[in-house]
Amino acid sequence: MNETIPPKEERMTALNGLGTSRKRVEDARFTQGKGNYVDDIKLQGMLFGDFVRSPYAHARVKSIKTEAALAIPGVHAVITAADLEPLKLHWMPTLAGDVQMVLADGKVLFQGQEVAFVVADNRYAADDGIKAVEVEYEELPVIVDPFKAELDGAPILREDIADKKEGAHGPRRHPNHIFTWESGDRQATEAVISEADVVAEEMVYYHRTHPCPLETCGSVASMDKVNGKLTVWGTFQAPHAVRTVASLISGIAEHNIRIVSPDIGGGFGNKVGVYPGYICSIVASIVTGAPVKWIEDKMDNLMATAFARDYWMQGKISATKEGKITGLWCHTTADHGAFDACADPTKFPAGFMNICTGSYDIPTAFLSVDGIYTNKAPGGVAYRCSFRVTEAAYFIERMIEVLAIKLGMDSAELREKNFIRKDQFPYQSALGWEYDSGDYHTAWDKALKAVNYKELRKEQAERLEAFHKGETRKLIGIGLSHFTEIVGAGPVKNCDILGLGMFDSCEIRIHPTGSAIARLGTISQGQGHATTFAQILASEIGIPAEDITLEEGDTDTAPYGLGTYGSRSTPVAGAATAMAGRKIRAKAQMIAAYLLEVHDNDLEWDVDRFVVKGNPERFKTMKEIAFASYNQAIPNVEPGLEAVSYYDPPNMTYPFGAYICVMEIDVDTGTTEIRQVFALDDCGTRINPMIIEGQVHGGLTEALAIAMGQEIAYDEMGNVTTGTLMDFFVPTAWETPNYQTDYTETPSPHHPIGAKGVGESPNVGGVPAFSNAVHDAFKSFGLTQSHMPHDHWRIWTIANKLGLHEM
Amino acid sequence: MIPSNFEYHKPDSIDGALSILTEWGDDARVIAGGHSLIPVMKQRLTDISHLIDLGGISELKGISIENNKVSIGAMTTQHELITNTQLAKFVPLIREASLQIADPQVRYVGTIGGNVANGDPANDMPGLMQTLDASYELTGPNGVRIVKARDFYEAAYFTAREDEEILTSISFSVPNCGYAYEKQKRKIGDYATAAAGVLINMDNDTCSFASIALTNLSDTPVYCEEAVNNLVGKKVDSNAIKKAVHYCVEASDPVADTRGPVEFKKYVAGIIVQKAIENAIARV
């Protein structure tokens, strides 16, 4: 009764499922300029709001005069903290359990802080209004150095909580102190280190930088006073969380709030937080009765929205004479800026910084982190990484290098000697994590062979000799890095944000003709979810990826989820997708059994159909089953073919990789030329190799930027000195080297399809590879540590301090 | 980043532009490529109520090379400087330097006139014009006058041009000698950390002609007269070059910024000038 069945391979190819380099379905609209971003949204009668921002890093606001601004044609309203106070919206909760001023309430605490919100017919009138608002400031002393925040006589920044001895994360010892967070065994670690053969000690600084997505943050709020419904389109990496938080803050019932994340032009953590602009556009829409748009410009974005890193990591690492690591100690001073607005799971005020034992079997470890207030912009987001994992990876990969110097051992060998072995997984780390799987030695060997490591070291030694003879002014640096990420937050039992559990979700509807729509609680910012999640489903339910529409970002239609950041989409929502697919398949099996008049157990799944065991010509394709599910009365089975899955992962996933960078460094000009970048990633099961490669290229380029020049710098007055793209380094194609990528595949044992997430690995592994290359070039001259970013003048300064300009 | 309201004028002749400039005086500014002016307008660091676009004036465009004399209209774009084959043949220094300015998108719009007239010490063309000993033609209500590039720059953004004058063209002689423009920058699109333009001619081992100017190493371009005087007529060996480099660095007066501290900039200036001199000698 059935036509001949095409061969299995042919049917699998037709699905475009797991493991195929399916072209990104998003790119047709992006490459043609047909994306639909927040700033593309234009509503009837829409007004435009923008901020008066503080020129000072710390000042009392004596008065705000709005009359002149209100007199400007086209200006509708000027909102200040005084206007927000009756609504209790002049302050807002941050994701880290702190509160943040929406608009300056008596004082300003960082340059660029939002002082007043001017609402006007258009951007031009809004800017005219901004210039006409008269703010009287009284400057106050500034703290830009977190190590000076608790000195006698230091100005108290947060007067609102000056007397609060207990913060969201425990006791506070000083008004400028936010929290102290500890992990591991202090006593045991200090004992091990004091008795060790060899101890290396270093201060490793991971400087302040910024995710700088191409699209800045923005929102369009529209309060419909007739039906009482608020709709907000915005640059939200977690639209559902925004809805819940908006409801809790505003008192508007959650069903009357619709949050929509349209196309997002890059997030990298910058769009996880809640910003004053969102709140002000909502309030302005309520006040004016018209939709109100707010869009930052690039300078606003760099100056005022969430930064990343800014961790001062004091480390000690101990080992036996043979190079077996015995202990790791770290004290981090974390500069959080004026408000603690870190986007971390609530129980982890320093994120997953306690993954800082890295890829190594370190039996004893201790970490403490002090969060400190300074007069800088708030943030501390996971810039293309899981929460504080880049900081952790950079710290341990630098400590390995300084330990190798102390031991007089090649750092590749030191790594090899201390890697967690394959047979040790699942591995309990000294700081409390259970690494799910890994095979570090295999990856490492492959990487060393790929770059011909021994030859490289030989060439480096020859170059050094030539340098000493005065034949060249260029050194070679070989940067090694082996990182372990911890992603996929995460198990609800220990991961929540403001009490919202960090599960994720997928809802699937199969249409009668056998195509489908799937909706997820995540939101792509360029990761290609519509492409890859359809591939997961295609393999699970046997419907070609091309026939599956994927939707995210509209809270009225998508199932509840905690959004996209920290490489959590594939580990969590990807798992939900597979699980929902399996529910579809389970029901499909019952339907097929009825149609084929056999018992459920007599069927087996075969790519895109159920086949009667031992009788392959008797089958029902998913397409046939879909039609029957809607249109045929099947006893004891509800019509339709839909499923929803909410997935709470049992553990995090632990992607890892081996990266090597070879760099030429001109000691006179401080310029660098990157000769080779080899990046081997193990992200478990590979869903779409092409997208993985693209993600690795992108992440490496951001890593390159961070390591080699990108920073948010402040002068001693708290002025941002890198507030435009002239000074804030974003590499162009010209500065971007060639990348050589490779992979191993160690599936996650607990993830339904074994996938681990990859988008952020290259940033985590890339930064230490680039930075270690710089350090490595100067190692033989006695350099142990020099802070990033390694731009021309800083590299020149290394050479200068080492006396290389006197030769 | 939104400018305040302004009137936009697009005259089709120099006289037309001058009459608008005279009419509105201080409230008016001429605009060429706009790469410097538009950002400051957007940041409202300057308030201009009348913007006079020179883009419609055809007499301000074009490159001519006659009798060993090069004349370039102020509104000639950097892209045109790069692609003009005659210019590339007779004054390859211009092409070499232009290719190091910003990026192709900027160069399609950025003009030589705007670049030299603005008085921004970070711009490459002013130093290059001092290297070439160029003359600027300034046209005002009272006619035309000529000012040497080496006399034009007074301080950052302060030049010999009067408010009611327009820089209309640039001219210089075909150098016919070794040349080089060396520039260190942080990335594509950046201004120079240090840059140097060098022209040099040799009579056997002896330097018969030299001209050196530096970019972004002081609040004006730096014409290195002392270095030149110490090269011309001398036998050029590594010591002589070293000495010339020394005088160049002495003449520089950089300030610390995000590109680095003063001592770094001076050191790199030395390296860049040395490279430029050596390259120029190799091309004689």
Side-chain angles (χ1 to χ4, degrees), chain A residues 48 50 72-74 120 122-132 216 295-301 473 666-672 704-705 708-711 713 715 720-736 789 791-800 805, chain B residues 1-6 35-36 39-47 49 99-100 102-106 120 122-123 182-196 216 238 245 249 254-276:
Chain A
F48 189 86
D50 203 356
I72 287 173
N122 54 53
R123 286 165 199 244
Y124 291 87
D127 227 36
D128 289 342
I130 287 167
K131 295 300 173 293
T216 59
I295 300 281
E296 294 173 319
D297 65 33
K298 189 56 80 184
M299 289 168 75
D300 296 340
N301 180 255
R473 297 294 287 162
D666 185 319
V667 301
D668 286 327
T669 59
T671 52
T672 53
L704 171 85
M708 304 310 288
Q710 188 177 84
E711 65 173 324
D715 66 15
V720 180
T721 59
T722 53
T724 76
L725 294 187
M726 178 60 77
D727 292 310
F728 184 85
F729 177 44
V730 177
T732 68
W734 191 266
E735 288 85 28
T736 306
D791 47 9
H792 298 170
W793 74 266
R794 286 184 174 95
I795 290 181
W796 178 89
T797 305
I798 296 173
N800 195 261
H805 297 148
Chain B
M1 289 294 277
I2 303 289
S4 53
N5 208 7
F6 58 85
H35 289 308
S36 303
V40 293
M41 287 173 70
K42 282 182 159 184
Q43 291 179 67
R44 301 200 180 201
L45 297 174
T46 181
D47 200 13
S49 30
L99 280 169
Q100 297 181 63
D103 57 56
Q105 284 182 310
V106 168
D120 183 345
N123 284 352
E182 281 290 326
K183 179 176 180 179
Q184 179 164 332
K185 55 186 173 182
R186 296 173 296 184
K187 59 175 177 183
I188 286 296
D190 195 15
Y191 294 117
T193 300
N216 215 10
S238 65
V245 168
V249 174
V255 291
D257 60 17
T258 49
R259 289 176 191 82
V262 170
E263 58 271 32
F264 161 72
K265 288 188 172 185
K266 286 198 158 204
Y267 191 97
V268 170
I271 301 287
I272 291 294
V273 172
Q274 182 168 338
K275 270 191 206 167

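The sequence lines fix the lettering, A, B, ..., with proteins before strands; numbering per chain opens at 1.
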| query | Who among Asp727(A), Asp297(A), Thr732(A) has the most heavy-atom pairs with chain B under 4.5 Å? | reply |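 That would be Asp727(A).
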| query | If you tally heavy-atom pairs under 4.5 Å against chain B, which of Ile130(A), Thr671(A), Asp668(A) wins? | reply | Asp668(A)
| said: Could you work out, with salt bridge (charged side-chain N to carboxylate O under 4.0 Å, His left out) as the rule, every residue matching Glu711(A), not counting sequence neighbours? | reply: Arg794(A)
| message | Please enumerate all residues that pass salt bridge (charged side-chain N to carboxylate O under 4.0 Å, His left out) together with Asp300(A), with sequence neighbours excluded. | response |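 Only Arg53(A) meet the salt bridge (charged side-chain N to carboxylate O under 4.0 Å, His left out) criterion with Asp300(A).
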| Heavy-atom pair count under 4.5 Å with chain A, highest-scoring of Met1(B), Arg259(B), Lys187(B) |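 That would be Lys187(B).
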| task | Specify which of Ala194(B), Pro261(B), Gly189(B) makes the most heavy-atom pairs with chain A at under 4.5 Å. | result |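 Between Ala194(B), Pro261(B), Gly189(B), the count favours Pro261(B).
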| task | Side-chain contact test, heavy atoms from C-beta onward, threshold under 4.5 Å: evaluate it for Trp796(A) versus Ile798(A) and give yes or no. | result |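 Trp796(A) does not reach Ile798(A) side chain to side chain.
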| said: Less than 4.5 Å to any heavy atom of chain A: does that hold for the side chain of Ile271(B), its backbone, both, or neither? | reply: side chain
| field | Structural part of Arg44(B) lying under 4.5 Å from a heavy atom of chain A | value |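 The side chain, not the backbone.
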Is [X] in contact with chain B via its backbone, its side chain, both, or neither, using a 4.5 Å heavy-atom distance?
{"X": "Met299(A)", "answer": "side chain"}
{"X": "Lys131(A)", "answer": "side chain"}
{"X": "Thr669(A)", "answer": "both"}

| Among side-chain atoms of Arg186(B) and Thr258(B), is any donor-acceptor pair under 3.5 angstrom? | yes
| query | To the nearest 0.5 Å, what is the distance between CD1 (Ile272(B)) and NZ (Lys183(B))? | reply | 11.0 Å
| query | Between Lys185(B) (side chain) and Gln100(B) (backbone), is there a donor-acceptor pair under 3.5 Å? | reply |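 Yes.
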| message | So does Thr724(A) get a backbone contact from the side chain of Lys298(A), meaning a donor-acceptor N/O pair under 3.5 Å? | response |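 Not confirmed, Lys298(A) side chain does not pair with Thr724(A) backbone.
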